[in-house]
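Okay, so here's the structure we're looking at.
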Amino acid sequence: MPFSDDDTASREPLVQRSLSLRETVLERLRTAIITGRLGEGDVLSTPALGARLGVSATPVREAMMDLVREGLVESVKNKGFRVTSMSETDLDDLAQIRLMLEPPAMRIVAGRIPEEDLPRLRELAHACLAAAENDHLEEYLRFDREFHARVLEYTGNAQLVELATSLRRRTRLYGIATVSREGRLHGSAREHLELLELLAAGDGEGAERVLHRHISHARALWATAREES
């Protein structure tokens, strides 16, 4: 199977949070599309995908409908679903919107995270780091998305959380597999811990700067596997 990890079934999750079958299928398909293992323009049949994933067509169809809503695939009559295409301009625009929204929000979050909530956020940050160090992209992307959504929740703005998470899901990171294999993803993963400590210390300016670097880094390095100045 071109988008599976051989040891996925045998590993214990880094953060104990059970996923339903539908959620598991959704995460695997989403990761395959985001990383390019399912390519732009590919037409996907739900029965064929189900056979490759070892599940029935039903959870695959349900997952694909979620991906339609996220803009990662589109329905093709009598054929299944087609992976949508994104130009470099589209990806630049997504990154620009994220930079306009997320880093400034850190000034609101700084100093507002209750002490009792910090251990869970640190757990997620360490889970991201462990996934990066072990080349587990599916886990990394899931924990990364959850970490940033939870941090943004402290703005008290549910619309911002939903929009930022949607933008994160829609982006493509075709170079991230190469970056991960070469052991360079853990640098970005450590930025989660740096961000969290600045927020806990009430340093909104520093947190804004780190998240701006984090998003810019992801657009350049994760998308192309090349570091840009």
Side-chain angles (χ1 to χ4, degrees), residues 1-5 22-53 55 57-102 132 135-146 148-149 160-182 184-185 188 214-228:
M1 184 187 316
F3 51 93
S4 65
D5 293 317
R22 173 177 172 171
E23 289 174 325
T24 300
V25 171
L26 176 60
E27 287 292 343
R28 295 182 71 183
L29 291 174
R30 183 190 287 128
T31 300
I33 293 169
I34 287 174
T35 60
R37 283 177 284 175
L38 291 175
E40 295 182 357
D42 285 356
V43 177
L44 311 172
S45 158
T46 51
L49 283 175
R52 290 160 70 181
L53 291 168
V55 300
T58 299
V60 175
R61 187 175 299 108
E62 293 173 343
M64 295 303 280
M65 294 310 298
D66 287 337
L67 294 175
V68 168
R69 287 187 285 272
E70 293 177 12
L72 292 179
V73 300
E74 58 188 4
S75 180
V76 181
K77 188 175 181 179
N78 300 324
K79 291 186 178 181
F81 300 86
R82 179 186 293 115
V83 178
T84 57
S85 300
M86 293 202 78
S87 68
E88 288 297 311
T89 299
D90 292 332
L91 293 173
D92 287 339
D93 288 348
L94 287 175
Q96 184 180 49
I97 295 170
R98 289 185 60 201
L99 287 170
M100 294 169 66
L101 293 175
E102 296 183 53
D135 193 22
H136 298 158
L137 285 182
E138 185 177 320
E139 289 180 345
Y140 180 86
L141 292 173
R142 177 161 63 92
F143 294 140
D144 173 77
R145 189 170 60 249
E146 184 175 352
H148 286 285
L160 172 61
V161 177
E162 182 179 351
L163 177 57
T165 302
S166 173
L167 293 171
R168 187 178 294 274
R169 284 174 174 153
R170 288 172 57 196
T171 195
R172 307 294 168 89
L173 304 169
Y174 295 149
I176 194 172
T178 299
V179 172
S180 181
R181 284 194 303 270
E182 293 177 352
R184 292 186 286 158
L185 185 58
S188 290
H214 185 72
I215 294 173
S216 300
H217 184 78
R219 174 64 188 104
L221 182 59
W222 294 11
T224 64
R226 296 191 303 273
E227 185 72 79
E228 295 181 5

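When reading the values below, keep in mind they use all heavy atoms of this one structure, side chains included, and skip hydrogens, waters and symmetry mates. We're numbering straight along the sequence, starting at 1.
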Would you call F81 and V76 a side-chain contact if the rule is heavy atoms closer than 4.5 Å? no
I want to check something: taking the side chain as every heavy atom from C-beta on, are L141 and I176 in contact at a cut-off of under 4.5 Å? yes
Is there side-chain contact between R22 and D66, with at least one heavy-atom pair below 4.5 Å? yes
Taking T46 for its side chain and V60 for its backbone only, find out whether a donor-acceptor pair lies under 3.5 Å. no
Do T35 side-chain atoms and Y174 backbone N/O form a donor-acceptor pair below 3.5 Å? no
By side chain to side chain donor-acceptor pair (under 3.5 Å), which residues pair with E62, not counting sequence neighbours? none
Between OG1 on residue T89 and CG on residue L94, distance to nearest 0.5 Å: 11.0 Å
Nearest 0.5 Å, please: how far is CD in E70 from CE in M64? 11.0 Å
Is the closest side-chain heavy-atom distance between T31 and R37 below 4.5 Å? yes
How would you list, by chain and number, every residue that makes a side chain to side chain donor-acceptor pair (under 3.5 Å) with R145, sequence neighbours excluded? E27
Taking side chain as C-beta onward, heavy atoms only, is V83 less than 4.5 Å from L67? no
Out of curiosity, H148 NE2 to T165 OG1, how far, rounded to the nearest 0.5 Å? 10.0 Å
Pairwise distance CD(E138) to CZ(R28) - rounded to 0.5 angstrom: 6.0 Å
With sequence neighbours excluded, residues passing side chain to side chain donor-acceptor pair (under 3.5 Å) with S87: D90
Taking all atoms of both residues into account, what is the closest heavy-atom pair of A132 and S180, and its distance? O-OG, 4.2 Å
On a heavy-atom basis, which atom in R52 and which in L38 lie closest, and how many Å separate them? NH2-CD2, 4.3 Å
Shortest non-hydrogen pair, V161 vs A149, comes out as CG1-O, 3.9 Å
Heavy-atom closest pair, residues R30 and L72: CG-CD1, 3.8 Å
Looking at side-chain heavy atoms only, is the closest gap between L44 and R82 below 4.5 Å? no
Given side-chain hydrogen bond (donor to acceptor under 3.5 Å, both in side chains), test S85 with R172 step by step and report yes or no. CA-CA 10 Å; S85 300; R172 307 294 168 89; over 6 Å; no
Pairwise distance CG(L137) to CD(E139) - rounded to 0.5 angstrom: 10.0 Å
For R181, give me all partners under salt bridge (charged side-chain N to carboxylate O under 4.0 Å, His left out), at least two apart in sequence or on another chain. none
Rounded to the nearest 0.5 Å, what separates atom OG in S45 from atom NZ in K79? 12.0 Å
Nearest non-hydrogen partners of V25 and A63, listed with the distance: CG1-CB, 3.9 Å
Run the salt-bridge test on R168 and E146 with the 4.0 Å N-O cut-off and return the result as yes or no. no
In the structure I gave you, are the side-chain heavy atoms of L49 and L29 within less than 4.5 Å of one another anywhere? yes
Can you list the residues that meet the salt bridge (charged side-chain N to carboxylate O under 4.0 Å, His left out) rule with E162, with sequence neighbours excluded? none
With heavy-atom distances below 4.5 Å as the criterion, would you say the side chains of R142 and H136 are in contact? no
The salt bridge (charged side-chain N to carboxylate O under 4.0 Å, His left out) partners of D93 (sequence neighbours excluded) come to none
